[in-house]
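For reference, the structure is listed below as structure tokens.
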Amino acid sequence: MADMATHVITGAGSGIGAAVARRLHARGDDLVLHARDAGRAKELAAAFPGARTLVGDLADPDRLSWAFSHQSLPDRVDSLLHIAGVVDLGPVGELTPKTWHHQLNVNLVAPAELTRHFLPQLRTTRGHVVFVNSGAGLRASADWSAYAASKHGLKALADALRHEERGNGVRVTSVYPGRTASPMQAKVHQQEGKEYDAAEWIDPESVATTILLALDLPRDAEVNDLTVRPGR
């Protein structure tokens with residue numbers, strides 16, 4: 001990755017996304033942080049001085065193009081980091097279409113739409129698209145159908161994009177973290193009816209390390225798929 005690279009990041013407000021944003025911000029790279037609304041954008045701008053923000057609701061990907069048309073998109077993008085995600089557990093017999101649509105929109109359709117918008121810049125820089133997936137993107141368990149389906153779809157999106165854009169020099173990486181200490185993991189435990197102890201799970205900083213490893217590899221190599229599991 002070039003000096004003073006520009007990174008577009010979703011999910012920078014907490015968990016893995018915040019850890020990645022802190023690391024890139026600390027080394028002086030330019031950040032464009034996606035936010036779902038103006039209030040969240042203000043919080044991110046305060047947390048990462050000098051960063052730009054981009055507002056659009058990932059839960060409504062049909063309107064992202066409209067939202068972006070009213071803002072200034074970065075002329076240069078070296079990496080697009082899809083880290084935002086949502087999860088709602090439940091058995092197939094009880095999940096409503098609203099629950100399915102919400103997870104599919106945020107976890108799959110919105111990343112596809114964001115990628116479409118930034119592909120011209122990524123082709124120019126021979127940049128990098130990183131999809132932070134999940135262990136659920138490789139296997140599905142009871143009560144995880146909607147989330148796992150969205151993440152299985154995200155793997156398919158990444159794999160297809162890699163083949164399509166290889167000739168343009170765009171690198172594509174999928175990262176599959178196991179359970180990571182984050183607000184999302186706390187919500188999962190609540191839904192599972194279990195006590196949550198952050199110390200039992202992967203530190204977001206460890207996942208951030210693997211993401212930066214993929215970003216910073218010399219051009220003679222590319223990480224396609226990287227699985228990160230709890231070490232305890």
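Reckoned from all heavy atoms, side chains included, excluding hydrogens, waters and symmetry mates.
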What verdict does the side chain to side chain contact (heavy atoms under 4.5 Å, CB included) test give for L213 and V223, after you've listed the backbone C-alpha separation in whole Å, the side-chain angles of each residue and the deciding distance to 0.1 Å? CA-CA 9 Å; L213 169 68; V223 174; 5.5 Å; no

Please test R166 against R162 for side chain to side chain contact (heavy atoms under 4.5 Å, CB included), starting from the C-alpha separation and ending with a verdict. CA-CA 6 Å; R166 179 165 286 128; R162 184 179 301 112; 3.3 Å; yes

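Here the side chains of L89 and V87 are in contact, with some heavy-atom distance below 4.5 Å. In this structure the side chain of L73 reaches within 4.5 angstrom of the side chain of F118, judged on heavy atoms. Between V132 and P177 the shortest side-chain heavy-atom distance falls below 4.5 Å. Counting heavy atoms from C-beta on, the side chains of V8 and L114 never come closer than 4.5 Å. Using a 4.5 Å heavy-atom cutoff, the side chains of L217 and R171 are in contact. A 4.5 Å side-chain heavy-atom check between I9 and L24 finds at least one atom pair inside the cut-off. A 4.5 Å side-chain heavy-atom check between D78 and D29 finds every atom pair outside the cut-off. Two residues are said to be in side-chain contact when any heavy atoms from C-beta on lie closer than 4.5 Å; L161 and L119 meet this criterion.
Note that the OG1 atom of T173 and the CG atom of N224 stand 6.5 Å from one another [nearest 0.5 Å]. With rounding to the nearest 0.5 angstrom, the CG atom of D203 is 10.0 Å from the CD1 atom of I16. Distance check: H152 NE2 to S145 OG gives 11.5 Å after rounding to the nearest 0.5 Å. In this structure, CD in Q121 is found 12.5 Å from OG in S79, a value given to the nearest 0.5 Å. To the nearest 0.5 Å, the span separating CD1 on I83 from CZ on F131 amounts to 12.0 Å.
In this structure, the side chain of R219 engages the main chain of G169 through a donor-acceptor pair within 3.5 Å. Side-chain atoms of T10 come within 3.5 Å of backbone atoms of A84 as a donor-acceptor pair (strictly under, hydrogens ignored). At distances below 3.5 Å, at least one donor-acceptor pair connects side-chain atoms of E222 with backbone N or O atoms of V172. Side chain of N168 to backbone of V170: no donor-acceptor contact under 3.5 angstrom is found.
Pairing each heavy atom of A149 with each of W100, the nearest pair is CB-CZ3, 3.8 Å. Of all heavy-atom pairs between K151 and S134, the closest is CG-CB, 4.1 Å. S150 and N107 make their closest contact through OG-ND2, 3.1 Å (heavy atoms, listed as atom of the first residue, atom of the second, distance). The heavy-atom pair separating A19 from A208 by the smallest distance is CB-CB, 3.9 Å. Here the closest non-hydrogen pair linking V20 and I211 is CG2-CD1, 3.7 Å. Between P120 and H117 the shortest heavy-atom distance is CD-O, 3.6 Å.
Applying the side-chain hydrogen bond (donor to acceptor under 3.5 Å, both in side chains) test to T115 and every residue at least two apart in sequence or in another chain returns H82.
Transitive grouping of hydrophobic side chains (ILVMFWY, heavy atoms separated by less than 4.5 Å) brings V77 and L64 into a common cluster. By the criterion of side-chain heavy atoms lying less than 4.5 angstrom apart, applied directly or through intervening Ile, Leu, Val, Met, Phe, Trp or Tyr residues, L33 is not grouped with L122; the two fall into different hydrophobic clusters. Residues L31 and L80 are members of separate hydrophobic clusters, defined by side-chain heavy-atom contacts under 4.5 angstrom among Ile, Leu, Val, Met, Phe, Trp and Tyr. L154 and V130 are not part of a single hydrophobic cluster, where members link through side-chain heavy atoms under 4.5 Å apart. Hydrophobic clustering (ILVMFWY, side-chain heavy atoms < 4.5 Å, transitive): L81 and L157 are in distinct clusters.
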Distance-only donor-acceptor hits, side chain of residues 48-60, under 3.5 Å, sequence neighbours excluded:
residue : atom : partner : partner atom : Å
D57     : OD1  : A59     : N            : 3.0

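A salt bridge does not link R40 to D37: none of the charged side-chain nitrogens sits closer than 4.0 Å to a carboxylate oxygen.
Between W144 and Y147, the two ring planes are perpendicular [angle over 60°; tilted spans 30° to 60°].
Using modelled atom types, one finds a donor on one side chain and an acceptor on the other under 3.5 Å when comparing R23 with T209.
With a 4.5 Å cut-off between side-chain heavy atoms of Ile, Leu, Val, Met, Phe, Trp and Tyr, the cluster of Y176 takes in L138.
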